[in-house]
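The structure under discussion appears below in the form of structure tokens.
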There are 2 protein chains.
Amino acid sequence: MTIQTRRERERAERERLIVTAARDLAEAEGWDAVTTRRLAAEIEYSQPVLYSHFKGKGAIMAAVAVRGCEELTADLRASTAAAEGAHARLAAVGRAYTDFGRRRPALYDAMFTHLVDLPFATPEAPAPLQEAFGELLKAVEPVAHEGDDLGLLTETFWAGLHGLVTLMRSGRLPREAHDRRLALLIERFAPRATTD
Amino acid sequence: MTIQTRRERERAERERLIVTAARDLAEAEGWDAVTTRRLAAEIEYSQPVLYSHFKGKGAIMAAVAVRGCEELTADLRASTAAAEGAHARLAAVGRAYTDFGRRRPALYDAMFTHLVDLPFATPEAPAPLQEAFGELLKAVEPVAHEGDDLGLLTETFWAGLHGLVTLMRSGRLPREAHDRRLALLIERFAPRATTD
DNA sequence: CTTGGTTGCTAGCAGCGCTAGGGACAAGAG
DNA sequence: CTCTTGTCCCTAGCGCTGCTAGCAACCAAG
């Protein structure tokens, strides 16, 4: 019994090690640098060991993505703590989200850009994912209009943030004007005043 | 003289052939299926010929992207022709844009998702790209608030559309609610009425 | 001490983007 | 017509990728 549990514990620890190594390597040198060989070398095991834990490289990225959601949730939660008022809350969460995308580009890509076979908009979606979305939802809720579907509105707001992050990160939008674009987006979803 | 021009013409035609083959193959089977070997086979030349026209696979994708911009511009232009009023215009252009993303996913990815070394937000950006953006700009202009930077506002609106397209296409947003999300986005940028 | 099962290794496959080097062919000179 | 020069494009191969088959070593149980 104990011997069995020890093995399982060691195995779980190694799996954690793989995910951590993949995330760190990706953050340091980008996902292109995360090859199964380098990853194997990093954890000091041979390649096939990876496949005894994960179905393939995609599954490893998915695991990294899920863990990334926990970080994102924490960031979003922290950002709204000090904000007062619906507008400030939405602005804070928007800033936290886009900051996350800029600060942890590889993590962000694993979560929201790369094709990764994770269930997303279903009840089977990983809990950390749903929590992150929930944080957005809480910030959007006060600015919803009557008759709006809150879930859909949050998805739409999320799409706006996601577009800003990805277009900027790929060089399609100039980085230096990010703050002003973000402010414009926030203003459309949470108008500060009805008249100027 | 004539012999020289004939050769140059044939070369240009072959280059066009490469780009067309790459686009068609990508649209049919996705960019993963577009390998230099398959592309070479498709145009009935050997691999190295590709490299006498383009620096590498990335450059071929960039060429496909530029040509895709022309198609997008045409779509956007056609969409606004029949629309009357600022709200309808913005809705029409938004629908045309997202439809383009869904109908030509590979083309869309080459243009706006994949890393491709094209100058984007600079005066050196390819003309077709600037034209496509210009179409968006014309639709956004009537709904800008006083004091808004029109370029930045258009970029922000574009980001919203781009987020909707990419998150939906990667399965992160349910496809069936796309219309309602798009309507919500349009409503935020061009409110149909000030009060309900 | 032997046996059975697990574990993780070495080696290799098919395919990728890309390139070096040579062979065929056409154009111009004598 | 012959020879040289230069262009063009193909064959072959490099180093890499994700992934897997098959074997060797080890560990627990009888």
Side-chain angles (χ1 to χ4, degrees), chain A residues 1-19 21-23 25-26 28-65 106 109-110 114-118, chain B residues 1-19 21-23 25-26 28-65 106 109-110 114-118:
Chain A
M1 187 75 170
T2 58
I3 195 168
Q4 188 74 4
T5 59
R6 190 211 63 197
R7 290 208 159 165
E8 284 175 11
R9 193 179 58 235
E10 285 174 353
R11 233 190 109 74
E13 199 158 331
R14 196 173 60 181
E15 189 157 317
R16 234 181 49 86
L17 183 64
I18 292 172
V19 176
R23 187 200 55 187
L25 193 50
E29 305 183 35
W31 279 108
D32 282 348
V34 184
T35 69
T36 55
R37 275 166 243 267
R38 276 204 65 182
L39 195 49
E42 208 76 34
I43 63 168
E44 296 176 313
Y45 281 93
S46 66
Q47 274 181 291
V49 168
L50 301 174
Y51 293 89
S52 75
H53 286 273
F54 299 96
K55 192 180 163 194
K57 189 183 171 182
I60 297 177
M61 290 180 64
V64 171
D109 283 343
H114 287 298
L115 278 184
V116 104
D117 48 353
L118 276 175
Chain B
M1 188 79 173
T2 57
I3 196 168
Q4 187 74 4
T5 56
R6 189 211 64 199
R7 290 207 163 164
E8 284 175 12
R9 194 180 57 235
E10 286 175 353
R11 237 191 104 75
E13 199 159 331
R14 196 173 59 181
E15 189 158 318
R16 235 183 46 85
L17 184 63
I18 292 172
V19 177
R23 188 201 54 188
L25 193 50
E29 305 183 34
W31 279 109
D32 282 348
V34 184
T35 70
T36 56
R37 277 165 242 268
R38 277 204 64 181
L39 195 48
E42 208 74 35
I43 63 169
E44 295 177 313
Y45 281 93
S46 66
Q47 274 180 292
V49 168
L50 301 174
Y51 293 88
S52 76
H53 287 273
F54 300 97
K55 193 181 163 192
K57 189 183 171 182
I60 297 177
M61 289 181 64
V64 172
D109 284 343
H114 287 298
L115 277 185
V116 103
D117 49 352
L118 275 177

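Just so we're clear, the structure is a prediction, and the values are computed from it rather than from any experiment. Just so you know, these numbers use all the heavy atoms, side chains as well, and skip hydrogens, waters and symmetry mates. Chain identifiers are assigned alphabetically (A, B, ...) following the order of the sequence lines, protein sequences preceding nucleic acid strands; residue numbering begins at 1 within each chain.
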Q: Would you indicate whether the side-chain heavy atoms of B/Trp31 and B/Val64 approach each other to under 4.5 Å?
A: yes
Q: Grab the NE2-P distance between B/His114 and C/dG17 for me, whole Å please.
A: 13 Å
Q) Whole Å only: how far is the NE2 atom of A/His53 from the P atom of D/dG18? A) 18 Å
Q.
Rounded to whole Å, how long is the line connecting atom CD1 of B/Ile18 with atom P of D/dC9?
A. 10 Å
Q.
On DNA chain C, compare the nucleotides closest to A/Val49 and A/Arg37; which residue's is nearer the 5' end?
A. A/Val49
Q: Round to the nearest Å and state the distance from A/Asp32 atom CG to D/dC16 atom P.
A: 15 Å
(Q) Output the rounded distance in Å from CH2 (A/Trp31) to C1' (D/dC16). (A) 19 Å
**Q.** 5′-ward residue of the pair A/Pro48/B/Ser52 relative to DNA chain D
**A.** B/Ser52
Q) Of the nucleotides C/dC9, D/dG18, C/dT19, which has the atom closest to the B/Tyr51 side chain? A) C/dT19
Q | C/dG17 phosphate, OP1 or OP2, under 4.0 Å from B/Thr36 side-chain N/O | A | yes
Q) Is the number of heavy atoms from other residues, nucleotides or ligands within 6.0 Å of CZ (B/Arg16) greater than 12? A) no
Q) How long is the line joining CD of A/Glu10 and C1' of D/dC27, in whole Å? A) 13 Å
Q) So, for B/His114 and B/Met61, which heavy atoms are closest and what is the spacing to 0.1 Å? A) CD2-CE, 3.6 Å
Q | Length of the CZ-C1' vector between B/Arg14 and D/dC10, whole Å | A | 12 Å
Q | N/O donor-acceptor pair under 3.5 Å between B/Lys57 side chain and B/Val34 backbone | A | yes
Q) In whole angstroms, how far is the P atom of D/dT17 from the CZ atom of A/Arg38? A) 9 Å
Q. Looking across every strand, which nucleic acid part, if any, lies under 4.0 Å from B/Thr35 by heavy atom: base, sugar-phosphate, or nothing?
A. sugar-phosphate
Q) Is there a side-chain contact between A/Ile60 and A/Thr36 (heavy atoms, below 4.5 Å)? A) no
Q: Between B/Gln47 and B/Arg11, name the one whose nearest nucleotide on DNA chain D is closer to the 5' end.
A: B/Arg11
